[in-house]
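A quick write-up on the structure given underneath.
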Amino acid sequence: MAAHHAEPAKYPLPADRAAAEHLLARRFDALGDDKKKKAGATVLADLRTGAIRSRRLGDLARVDLRSPASVDTQLKRLGFPERLRFPADELRRPPASLVPGLLPEEQAPRRPTAVPIALHRLELRIRRVKCLDETSAWGSDEIHLAGTGVDGSGETRQIRPFKVRSFYDGDVRLYDPPRRFHRFDLDEGTGHPKSYFVTLVLAEADGGGLAEYVDTLLELVRKKVTAHLTAATGSTRGPSGGPVGILIGMAVGTAVDRLFDRLADLYGDDVFKPVTVCAVVPALTGRWAGRPVTAPAVTDVRGHGGHYQLAYDWRMYD
């Protein structure tokens, strides 16, 4: 978008109006003239670095911003890097070392000696939101929460925004009982263990841009997950058992982080850096320390001069 703004004839937008570049261009156009001019100059300077840029980007340097084809289309033509490709059989064998490392705040559920009844649903619940430090915006913080959920086979869903409350330093929003943020059907997919991921997006909502931010984020993440899953396993939906679910979650987390760096300043709301949390369910009869509910966990969310804490838990139920 920046290169197109600086030299539109040389760097056209893709001919495909559904391409992600057109989504981002609409937000880029809303920026001030000084920001757009500075961004254009920075990108053009980078494009002139030649060999230095090629060493930094590797195969991605072959993407031609002068082409009418979208970046996504050009990347598919490049093919998935062979060094990153996983054999499908290997993805179905779950190395135990991958499971606990993704959930440091809670061990994976264990099967107790006496097998309990099967539970078929999983939910992430918000227990508390606390303001440790307000943002630098004038007045109270109007905090909203939204996000995305991804199951172990790559199915991605949006979690619509809702208002938490207005916050000053030290204020707490307690949910008693805990508020359901997102739910999963544990019967979907193939074998176990199954991994589930939820990305929490907190925003100080003063411009009404959070819903559009999550819409854009969801669409871009969904495209990337589908493309990588197809390249790695040959299917748009992977086997949910084994590490393929964990790999999907790791890909989503990486995509969320990278997209946030590029999208956050293009929307009217002050969006905090998203946080992705994970639960691993080894079986429908699995439990956490013998219970269907995890111990409460806390994650810190920082941005725009503010600092918030979200307390949450996971619960299996029927």
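Residue numbers count from 1 along this sequence.
- V71 and L44 end up in the same hydrophobic cluster when Ile, Leu, Val, Met, Phe, Trp and Tyr side chains are linked at under 4.5 Å.
- Between K273 atom NZ and H304 atom NE2 the span is 11.0 Å, to the nearest 0.5 Å.
- The nearest pair of heavy atoms linking A205 to H144 is CB-ND1, 3.2 Å.
- Considering only heavy atoms from C-beta on, L122 comes within 4.5 Å of Y196 through its side chain.
- Between R56 and D46 there is a salt bridge, since at least one side-chain N of the basic residue sits less than 4.0 Å from a carboxylate O of the acidic one.
- The backbone N or O of L186 sits less than 3.5 Å from a side-chain atom of K194, completing a donor-acceptor pair.
- Separating the CH2 atom in W314 from the NE2 atom in H182 is a distance of 8.5 Å, to the nearest 0.5 Å.
- A heavy-atom distance below 4.5 Å is found between the side chains of F162 and F181.
- Looking at L13 and H22, their side chains come closer than 4.5 Å, going by heavy atoms from C-beta outward.
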Given V198 and T276, is the side-chain contact (heavy atoms from CB on, under 4.5 Å) satisfied, shown in steps? CA-CA 6 Å; V198 172; T276 300; over 6 Å; no
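- No chain of hydrophobic side-chain contacts below 4.5 Å, direct or via other Ile, Leu, Val, Met, Phe, Trp or Tyr residues, connects L132 to V275.
- The backbone N or O of G147 sits nowhere less than 3.5 Å from a side-chain atom of Q158 that would complete a donor-acceptor pair.
- R183 and Y317 are linked by a side-chain donor-acceptor pair at a separation below 3.5 angstrom, with hydrogens and angles left out of the test.
- Of the candidates R125, R287, M316, R125 is the only one forming a side chain to side chain contact (heavy atoms under 4.5 Å, CB included) with V293.
- The CZ atom of R157 sits 9.5 Å away from atom CZ of F184, with the distance rounded to the nearest 0.5 Å.
- A donor and an acceptor atom, one from each side chain of S166 and E142, are located under 3.5 Å apart.
- Side-chain atoms of L47 and Y11, non-hydrogen and from C-beta on, do get closer than 4.5 Å to each other.
- S70 places a side-chain N or O within 3.5 Å of a backbone atom of T73 that can act as its donor or acceptor partner.
- Taking both residues in full, the closest heavy atoms of P292 and L119 are given as CB-CD1, 3.8 Å, listed atom of the first, atom of the second, then distance.
- Hydrophobic clustering places L60 together with V43 (ILVMFWY residues linked when any side-chain heavy atoms are closer than 4.5 Å, directly or through intermediates).
- Counting all heavy atoms, side chain and backbone alike, P193 lies closest to V280 at CB-CG1, 4.0 Å.
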So I159 and T148, side-chain contact (heavy atoms from CB on, under 4.5 Å) or not? Walk me through it. CA-CA 5 Å; I159 303 166; T148 60; 5.7 Å; no
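- A salt bridge between K36 and D33 is present, with a side-chain N of the basic residue lying under 4.0 Å from a carboxylate O of the acidic one.
- Between V150 and T156 there is a side-chain heavy-atom pair separated by less than 4.5 Å.
- A heavy-atom distance below 4.5 Å is found between the side chains of D133 and D169.
- Using a 4.5 Å heavy-atom threshold, the side chains of D151 and E188 count as touching.
- For the 3.5 Å distance criterion, the side chains of H120 and D185 fail to qualify, holding no donor opposite an acceptor.
- For R180 and Y175, the positive end is not near the middle of the six-membered ring at less than 6.0 Å and at most 45° from its axis.
- For the atom pair R302 CZ and Q309 CD, the distance stands at 8.0 Å (nearest 0.5 Å).
- Nearest heavy-atom pair across L145 and L202 is CD1-CD1, 3.8 Å.
- Note on E123 versus R121: no salt bridge recorded, every NZ/NE/NH1/NH2 to OD/OE distance being 4.0 Å or above.
- Within 6.0 Å of CG on D300 lie more than 12 heavy atoms contributed by other residues, nucleotides or ligands.
- Closest approach of S54 to A61, counting heavy atoms only: CA-CB, 3.7 Å.
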Could you walk me through whether L200 and I126 pass the side-chain contact (heavy atoms from CB on, under 4.5 Å) test, one step at a time? CA-CA 10 Å; L200 302 147; I126 304 298; 4.0 Å; yes
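- D141 and Y308 share a side-chain donor-acceptor pair at under 3.5 Å.
- We find the CG-CZ distance between L174 and R127 to be 8.5 Å, quoted to the nearest 0.5 Å.
- Between A279 and W288, the shortest heavy-atom contact is CB-CZ2, 4.5 Å.
- Taken from CZ in R55 to CZ in R53, the straight-line distance is 13.0 Å, to the nearest 0.5 Å.
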Please report the C-alpha distance between V298 and R128 in whole Å, then the side-chain angles of each, then the deciding distance to 0.1 Å, and finally whether the side-chain contact (heavy atoms from CB on, under 4.5 Å) criterion is met. CA-CA 9 Å; V298 176; R128 184 182 70 251; 4.0 Å; yes
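- Remark: R165 qualifies as a cation-pi partner of F167 under the 6.0 Å distance and 45° angle criteria applied to the six-membered ring.
- For K38, the NZ atom counts as loosely surrounded, since its 6.0 Å shell holds 12 or fewer non-hydrogen atoms of other residues, nucleotides or ligands.
- The shortest distance between side-chain heavy atoms of V271 and V201 falls below 4.5 Å.
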